[in-house]
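Here's the structure we're looking at; comments come further down.
Reminder, nothing fancy here: chain letters follow the sequence lines and each chain counts from 1.
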Amino acid sequence: MDFYKRVEYVCKQIPRGRAATYGQIALLCGMPSHSRQVGYALNKKIKSPDIPAHRIVNHKGYLSGSASFTYPDTQESLLKKEGIPVTPEHTIDLKKYAWRHTLDDAIRFRTYFAAHNL
DNA sequence: AGGATGACCGGAC
DNA sequence: GGTCCGGCCATCC
């Protein structure tokens, strides 16, 4: 069971123009209480250009990871480029732009992890 | 070994 | 609705 590989896989499935929360990623990884480790993973373990890390925000919609991008406003511009407005307080409207994953999504991830020994 | 740290969360109020 | 607070847990030092 490789939690960080799971995080990497799930993050890549976040659709363009939508944002997910750390807790949501943790849940889809099968470890609902590991939201902090998701942040840790993005910051240290799986930093990579092919992971849409800018689409991950905290449960209030705040861009808590902005300081870890090359420039603090990198995350904001990436989001705006996808059509997600960012307020001056560095938050987005989760009511409108949250990724609403389905139960089928969750099941698909679970079977994928089982099949690939993650 | 054990206390501190962190891109966090949900419930209580 | 909003803010606060206790809980959370792998890593780091």
Side-chain angles (χ1 to χ4, degrees):
Chain A
M1 144 71 198
D2 189 333
F3 179 71
Y4 297 119
K5 283 274 173 55
R6 289 187 179 192
V7 171
E8 183 172 350
Y9 180 75
V10 172
C11 287
K12 289 179 179 173
Q13 316 303 316
I14 305 172
R16 247 185 102 83
R18 314 250 79 176
T21 69
Y22 299 90
Q24 183 178 12
I25 302 298
L27 177 67
L28 289 171
C29 288
M31 310 288 323
S33 65
H34 286 220
S35 48
R36 305 195 78 136
Q37 278 57 240
V38 174
Y40 178 80
L42 262 26
N43 190 32
K44 296 271 163 60
K45 298 292 273 191
I46 58 173
K47 192 173 286 189
S48 157
D50 56 333
I51 296 174
H54 58 283
R55 301 194 188 124
I56 321 286
V57 301
N58 80 7
H59 71 142
K60 293 178 182 162
Y62 180 72
L63 273 48
S64 44
S66 52
S68 296
F69 288 83
T70 312
Y71 294 100
D73 54 330
T74 304
Q75 183 172 20
E76 295 198 14
S77 50
L78 286 172
L79 288 173
K80 288 175 181 167
K81 191 156 51 179
E82 298 187 357
I84 303 182
V86 181
T87 73
E89 297 79 30
H90 315 291
T91 65
I92 67 170
D93 188 349
L94 280 178
K95 282 279 193 268
K96 292 179 185 158
Y97 302 101
W99 172 33
R100 317 282 191 179
H101 72 266
T102 65
L103 181 57
D104 267 10
D105 289 328
I107 294 174
R108 226 178 27 254
F109 287 132
R110 189 175 60 73
T111 50
Y112 178 89
F113 298 147
H116 295 254
N117 243 19
L118 297 183

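- Looking at A/E89 and A/T87, their side chains do bring a donor and an acceptor atom within 3.5 Å of each other.
- At C/dC9, one or more side-chain N or O atoms of A/S33 fall inside 4.0 Å of OP1 or OP2 (strictly under the cut-off).
- C/dG6 and B/dA7 have their P atoms separated by 22 Å, given to the nearest Å.
- Summarising the local packing, NZ of A/K12 is surrounded by more than 12 heavy atoms from other residues, nucleotides or ligands at distances under 6.0 Å.
- Base pairing of B/dT5 is made with C/dA10, judged by Watson-Crick or G-U wobble geometry with both donor-acceptor distances under 3.5 Å.
- Here A/Y62 does not reach the OP1 or OP2 of C/dT3: none of its side-chain N or O atoms lies under 4.0 Å away.
- Of the candidates C/dA10, B/dA7, B/dG10, the closest approach to any side-chain atom of A/F69 belongs to B/dA7.
- Here the C1' atom of nucleotide C/dA10 and the OH atom of A/Y22 are 17 Å apart, to the nearest Å.
- Note on A/T21: only backbone sugar-phosphate atoms sit closer than 4.0 angstrom, heavy atoms only; bases stay farther off.
- OP1 or OP2 of C/dC12 has at least one side-chain nitrogen or oxygen of A/Y40 nearer than 4.0 Å.
- Distance CD (A/Q37) to P (B/dC9): 12 Å, rounded to an integer number of Å.
- If you check every strand for non-hydrogen atoms under 4.0 Å, A/H34 touches sugar and phosphate atoms only.
- Within the shown strands, B/dG10 is the pairing partner of C/dC5 under the Watson-Crick or G-U definition, both distances less than 3.5 Å.
- In this structure, of C/dT11, B/dC9, B/dA7, it is B/dA7 that holds the atom nearest to the side chain of A/S68.
- Counted by atom type alone, A/E82 and A/H54 present one or more donor-acceptor pairs between their side chains at under 3.5 Å.
- Heavy-atom contacts from other residues, nucleotides or ligands closer than 6.0 Å to NZ of A/K80 number more than 12.
- For the residue pair A/S64 and A/Y22, a side-chain donor N or O sits within less than 3.5 Å of a side-chain acceptor on the partner.
- To the nearest whole angstrom, the two C1' atoms, one in B/dG6 and one in C/dG7, are 14 Å apart.
- Between A/K60 atom NZ and C/dG2 atom P the separation is 10 Å, expressed in whole Å.
- To the nearest angstrom, P of B/dG6 lies 16 Å from CG of A/L42.
- At the heavy-atom level, A/A53 lies under 4.0 Å from base atoms of the strands shown.
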